[in-house]
Amino acid sequence: GDLAAQVLTHAQLQQQQRRGLQHQQELQAGSPVDSGDTGAFSFDVLRAARLCLYSAAIGTPMSHAWYGLLEAHVMPGSPLAPGTVAAKVALDQLVQTPFGTALFFAVMKLLEGRPAQVQSEVQAKVSECVSVGVRILLQFNKGAVLWLLQPSRVCMLLPVCSAEGL
């Protein structure tokens with residue numbers, strides 16, 4: 001995943017530079033302008049290693065424990081009931097997501113050897129990441145609900161829901 005992220009980031013930077021150069025050329029009409037080439041793509045192995053270390057040592061165990069806690073304590077008698085699912089999603093978005101996101105950015109700065117930047121990094125990125133996640137979740141759920149409410153889907157789901165006790 002990080003390889004794809006690095007390739008996309010490199011491509012976006014090159015595109016931004018090309019746009020900026022075109023604009024600068026238009027403004028300077030005829031003045032020589034530096035090409036601004038970002039160069040060939042270079043895979044950041046240390047970045048990928050930091051992400052793997054975080055995921056293996058912190059992210060995965062923390063998520064395993066969190067979702068186990070939700071399964072054990074949030075309406076364990078009816079894990080597929082809509083209220084149970086909604087409660088788990090709400091807890092995940094309100095508790096785990098902000099905490100996990102802050103922890104991720106803090107640990108990444110520490111692993112980069114920049115402990116003095118932890119607080120500013122967390123303050124700068126966590127609220128934006130969480131709000132984008134919530135907006136995506138709301139859009140996805142809106143689409144899922146609209147898809148499920150189509151008459152043909154409701155007819156298909158009624159026997160299943162009755163059999164499952166939902």
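It should be emphasised that the depicted structure is a prediction, and the values quoted were computed from it without experimental measurement. Below, all heavy atoms of this structure are taken into account, side chains as well, without hydrogens, waters or symmetry copies.
Cluster membership for V126 and Y54, using ILVMFWY side-chain heavy atoms within less than 4.5 angstrom, is shared. Linking ILVMFWY side-chain heavy atoms closer than 4.5 Å, directly or via other members, places I58 and V118 in a single hydrophobic cluster.
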N/O donor-acceptor pairs under 3.5 Å from side chains in residues 42-49, not counting sequence neighbours:
unit_1	atom_1	unit_2	atom_2	d
D44	OD1	L46	N	3.3
D44	OD1	R47	N	3.1
R47	NE	D2	OD1	2.7
R47	NE	D2	OD2	3.4
R47	NH2	D2	OD1	2.8

Listed pairs under 3.5 Å, donor-acceptor, residues 59-70 side chains, sequence neighbours left out:
unit_1	atom_1	unit_2	atom_2	d
T60	OG1	S55	O	2.9
S63	OG	G59	O	3.0
W66	NE1	D92	OD1	3.0
Y67	OH	D92	OD1	3.1
Y67	OH	D92	OD2	3.4

Please output the side-chain donor-acceptor pairs of residues 82-90 that fall under 3.5 Å, not counting sequence neighbours, one pair per line with the distance.
unit_1	atom_1	unit_2	atom_2	d
T84	OG1	S78	O	2.7
K88	NZ	E71	OE1	3.4
K88	NZ	E71	OE2	2.8

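Residues F41 and L3 have side chains in contact (heavy-atom distance under 4.5 Å, counting atoms from C-beta outward). With a 4.5 Å cut-off on side-chain heavy atoms, F104 and C129 do not count as touching. Under the 4.5 Å side-chain criterion, counting only non-hydrogen atoms from C-beta, L13 is in contact with Q16. At least one side-chain heavy atom of L51 sits less than 4.5 Å from a side-chain heavy atom of M108.
A donor-acceptor pair is defined here as one N or O able to donate and one able to accept, closer than 3.5 Å; such a pair exists between the side chain of S120 and the backbone of Q117.
To the nearest 0.5 Å, atom CD of residue E128 and atom OG1 of residue T101 are 11.5 Å apart. In this structure, OG1 in T97 is found 8.5 Å from CG in L137, a value given to the nearest 0.5 Å. Atom CG of L103 and atom CD of Q96 lie 9.0 Å apart (nearest 0.5 Å).
In this structure, E112 places its CD atom where more than 12 heavy-atom neighbours from other residues, nucleotides or ligands lie under 6.0 Å away.
Between P115 and L110, the shortest heavy-atom distance links the atoms CB-CD2, 3.7 Å.
Under 3.5 Å, the side chains of Q14 and H10 contain a donor-acceptor pair of N or O atoms.
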